[in-house]
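One structure is given below, encoded as structure tokens.
Letters A, B, ... mirror the listed sequences (proteins, then strands); counts begin at 1.
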Amino acid sequence: MRGDEQRILPNCPSCELAFRLKAHQRKDVERSDPGEALHLDRVVDEVARIDCRLPRRCKHNHCMVRRVPGRREEVHTRRDLPIPVDEFELSRLSERLEVVREIRSARPLVGMERDVPFVLLDEVSCLRERRDWFPVSHDRIPAAVIGVEMGIRHCRHVFRAKPQPVQAREQVPVVAGEGTGIAVLRPHAGLDQQDLIASLHDNAVQPERNAIRVVDVLPSNDWLPHDPWDESENRSAIELDVAIRDDRKVEVAHAVARWFVHTSNDTDPFTLAANPGVPSTATCCNCNALRRRLRARYTPKTVRTPARVVGRLAGGAPMHIPDGYLSPATCGAGYAAAAPFWGVATARVRRVVGGRTVPLLAIFAAFNFAIMMFNVPVPGGTTAHAVGGTLTAIVLGPWAAVISTSVALVIQALFFGDGGITAIGINCLNMGVLLPISGYLTYRMVAGRSGMLSQRRVIAAAIGSYVGITLSALAVGFELGIQPHFWSTNGVPNYSPYGLQAAIPAMVLSHIFGASFVEAAVTALGIAYLQKSYPDILLRGRPDAASNMESSPVNPLVLAAVLAVLAAMAIFVAGLIKGGSLSHWAGGDWTAVSLSDVIATLLVSGAISLVILPVLFLVLRPVHAWRGPLMIFAGLIIWVPIGLVAPGTAFGEEQSASQAEVTAALQARANGDSTLFDALPAVNRECDCVPTNINNVGYSGHALLSGYEPPWVKRTDPLWQQNIGYQAAGLAGMAILGLVILAAYRGARWLVPSGPPDWRSAE
Amino acid sequence: MTALQPGPPAQPRAKRARAGFVEKTLSGISASIENAIFSEENARRDAFLQHRDPRVKVVAFAFLVVAAGLSRDWRVLVALYCVTLAGVAAAKLDLRTFLKRVWLGIPFFSGIVVLPSIFFIGGRELFHVPLGFATLTATRAGLGAAAIFVLRVAVCVSLAVLLVLSTRWSDILKSLRFFRIPTVFVLILGMTYRYIFLLLHTVNSMFLSRKSRIVARTSGKEQRWWIVSSMSVLMSRSFRMSEDVYQAMLARGFTGQVRTLTDYRVGLADWALAVGSVAAAVTAILANGWLA
């Protein structure tokens, strides 16, 4: 992988980094190899001043660093800084007591002219500045770049092939000299790589599956981080020497400034590493001293374990109903309702899984229990819990999920007090039965027939779990909400005091905007991860591996229909909220609408569309690419006038009366005569005033025609006549506009001929 | 070890006071395990309640909980609570720990949940809480209802805790057999209980390993991805484990039939407990009617 690129290793090992920047320039970063690239993100705020001592030592070396002026904004953008990880360097520094000092207010500069990304601290105190140059360089290579080393120690598993470490080293080309061997470990014949990778997974380190790549074989006198994991049952031909974690994406919270010194031929700071063959005689400026200083300032975080109570209150599972909230009758009903599901589930699972039922379900119940203990960090800083019922349902099937989630809930209730014992039935009904089954059904509906490893399944999992947990929350709200209705004495509720109007919105809203998303995210990411790393789990029992990666295309009509239904529901609910009741939906007085008018309007629109749309279909055949959209457009025009049905007027549609007229009308009405008032435009009648600035919006004053309707239709005509008038006006208008546009287009084409003639028209 | 010399004294840095998700999970896990150990310790004490037949205890618990659920008078609930405290004494449990465990959890939370309802139930007014734009009126009936609610929750939780602390888990499960719950469920429950701790240990290791390797903050996205990958690893491990367990069961003669070994004998003290608790429950239910 490092190939034949040569590297220079100066005496100070921490100065290697800059070289490696250049050398690894051609690295294949797109594979997002863990450890190959660290993403530099928002470093600026954390980077601090550099120690004064540094430059003084460097002075005699004439270090030069160039500050590119005006690049401050650059740092706020996200740039990929392919600083390769030097295992050797980092494993040396990976002592957890090692320094990461906060370096504040320096300005990393990312990206230079020659595609060599460097990071530059531009505020280097105690240096003598000459305009925008800071002296850093030495000899023939100028411009040290101050590398900002990422605070996250990038770690690797360091393996030694047992029993002869030397073997591994000899197997591979050593790229760098001076006793630091960077080796590529190739697996021995006896090595069970799968096992190795599996054990790495178990230790929550996830290397790429395809190989163990660059591995550092360190000299034995180096101190390596302590590896707490040494599971003897996972031994293989390669012995795990030290476990270091591999982070893929890290955010820099702290950074360490280092001075790097290079040598080159010219004084241009950016011809870096022009002669890689030249051994470096430069010394790093005080790296060790800096390191010592910085290390001493690092204080490891102390963690306070939160109190159990607070932790339970704050992060507790959202939906476990405790004892005493529900009447005994409800609890009994819960048991009675859940029992048949348990029975059916057992029968189904036993039929499918046979004798393995018991251990499989037991362990998956334990898995569900463990999942419920995970704190998932959510944006905003808090954590939430995911139930994971839908995830289990997708992997194992809904019935197995029913049982395992129910068992986990029973144990939680009995043993850990999460949820009441009498409420076990209800809790299992909500979270053990309703959640997995509804989630699974939704998942199947959305996933259709796409392959198990396709992306559509991930989205389906997200939607399914969202729906599942929301329905579950709705059920909980319902169960809590009916308590006051049925079990109250003299108006005082005996059990949960909140009725349906309070309980349902509280439960549903708090989940819809919070816990459901967490559940959906966890399920979707879980399925995605399983698709990537453990596809055999998902493919159990599904032998059609060939089409597993394809998402079957979503029928757009179905999607449009579903979205339309959801939108209609949302609008309906919004209108209810606005108006307060159905007869005042969206604020209008619907009792004033006559049904016959409505029917007549609908009939007119329907008749016109039956006539016009087929005509359009036939007429527009020459432009069949545009036919569909044009027909939809025409349909919209034809159906728009059903808005006439709604009561009320459009605000500001007419020109407002003048202030004098309004005042006179108001006075007349006060005196008992309201004819003047009724003759005022609606915009004045609504507010008994002249709204400010209304006459600046003079629609009628500047329209082509005086109103919407054609001249032979008046406002006082029956609704269906108005409708026809609207249709005629609208269609005529669109036709005129269309002709005008067509004429303009043709004219333009005639004036400005297009490119080479179509080959089809050539002879 | 590289030669490290002490530098200048460390400057205090702003510590993050809030625990991250890793720490919270770890503390949750350790709390669960601590819970389990605590329960088992108590269940093995040499006391009256611990020696009783678990079936009797479950029956007593059921009756008393239903009685508590049906109670509407605070006096009845207080009486039932006293019965529970008598049980605590009979089980030689540490009273302070018991009270802390019961009250600092769900009843406390229920109190908070039910607090707003004090202001929404009509009746004789007790006090007002002016809020600027509105005045909340607390009524006597509301306060009474809230108090009864919290008391009931407390009694139920106390009974549950008492049952769990004075009975071994395996005994509870075996007594479920007596109540005609299918054996397969009992077996699954038992195995689950055991494997929970194994999986918790694994999860603990995973989170500890993350904690010990991370030096600075990572983005929320990465954290969520890590959590999900841990879950998936756990799932894959669970699959493998279940396969192994099944093979082990087969190797030890599992044929699909499950038999449990129970050797429960109901003695005089057990009958006394049963009769006593049923009587208490029935009295409580009847007393509701009398006092209402």
Side-chain angles (χ1 to χ4, degrees), chain A residues 151-153 201 203-204 223 245 249-251 253-254 292-293 296-297 299 302-303 305-306 308-309 311 313 315 322-324 328 355-356 358-367 369-371 373-377 379 383 407 411 416 420-422 489 492-494 497 522 525-526 529-530 534, chain B residues 1-2 5 7-8 10-11 13 19 21 23-25 27-29 31 65-66 69-70 72 104 106 109 114 117 121 141 145 152-153 156-157 160 187-189 191-192 195-196 199-200 203 206 209-210 213 215-220 222-223 227-229 231-233 236 238 241-242 245-246 256:
Chain A
I152 296 291
R153 294 311 171 189
H201 274 277
N203 282 314
W223 187 86
R245 176 173 166 124
K249 286 191 182 152
V250 295
E251 227 178 61
H254 314 289
R292 284 197 297 271
R293 257 192 84 113
R297 290 180 192 233
T299 50
T302 58
V303 168
T305 313
R308 175 172 169 264
V309 170
L313 283 182
D323 270 328
R356 290 164 203 265
V358 169
L360 188 71
L361 292 179
I363 289 177
F364 266 84
F367 167 75
F369 182 91
I371 292 294
M373 305 223 75
F374 277 45
N375 281 279
V376 183
T383 57
V407 168
I411 293 189
F416 298 100
I421 297 186
T422 51
T489 45
V492 175
N494 292 326
V522 163
L525 288 176
Y529 187 85
L530 285 174
Y534 297 105
Chain B
M1 206 129 168
T2 54
Q5 293 164 27
Q11 285 171 356
R13 265 190 353 194
F21 73 102
E23 289 88 8
K24 275 196 205 166
T25 312
S27 84
I29 291 176
V65 155
V66 171
L70 290 171
R72 276 165 223 172
L104 282 186
I106 294 181
F109 187 58
V114 93
S117 72
I121 298 178
R152 181 185 301 117
V153 171
C156 292
V157 172
L187 182 62
I188 291 179
L189 278 171
M191 283 180 72
T192 307
Y195 283 105
I196 277 179
L199 283 190
L200 281 186
V203 172
M206 283 183 184
S209 81
R210 171 159 174 112
R213 286 165 172 74
V215 181
R217 271 170 261 158
T218 53
S219 69
E222 191 271 345
Q223 290 171 349
I227 282 212
V228 168
S229 62
M231 279 186 197
S232 310
V233 167
S236 132
S238 304
M241 204 190 299
S242 79
V245 166
Y246 180 63

> Among Gln223(B), Glu222(B), Lys24(B), which one satisfies side-chain contact (heavy atoms from CB on, under 4.5 Å) with Pro377(A)?
Replying inline: Gln223(B)
For the interface with chain A, which of [options] has the highest count of heavy-atom pairs at distances below 4.5 Å?
options	value
Val153(B), Val66(B), Val228(B)	Val228(B)
Met191(B), Arg152(B), Met241(B)	Arg152(B)
Leu200(B), Leu199(B), Val245(B), Ile29(B)	Leu199(B)
Ala145(B), Ser238(B), Ala160(B)	Ser238(B)

> Is chain A contacted by the side chain of Val65(B), its backbone, both, or neither, given a heavy-atom distance below 4.5 Å?
Replying inline: side chain
>> Could you walk me through whether Met231(B) and Val522(A) satisfy the side-chain contact (heavy atoms from CB on, under 4.5 Å) test, starting with their C-alpha distance in whole Å, then the side-chain angles of each, then the deciding distance to 0.1 Å, before giving a yes or no?
In response: CA-CA 9 Å; Met231(B) 279 186 197; Val522(A) 163; 3.6 Å; yes
> Checking Ser242(B) side chain against Pro359(A) main chain: does a donor-acceptor pair fall under 3.5 Å?
Replying inline: no
Quick one: what part of [X] sits under 4.5 Å from any heavy atom of chain B, side chain, backbone, both or neither?
X	value
Leu525(A)	both
Phe364(A)	side chain
Phe374(A)	both

> Could you state the interatomic distance from CG (Leu361(A)) to CG (Leu189(B)), rounded to the nearest 0.5 Å?
Replying inline: 11.0 Å
> Which atom pair, heavy atoms only, marks the closest approach of Ser232(B) to Gly526(A)?
Replying inline: OG-O, 3.8 Å
>> How close do Asn375(A) and Ile227(B) get, counting heavy atoms only, and between which atoms?
In response: O-CD1, 3.0 Å
> Under a 4.5 Å cut-off applied to non-hydrogen side-chain atoms, are Val157(B) and Pro322(A) in contact?
Replying inline: no
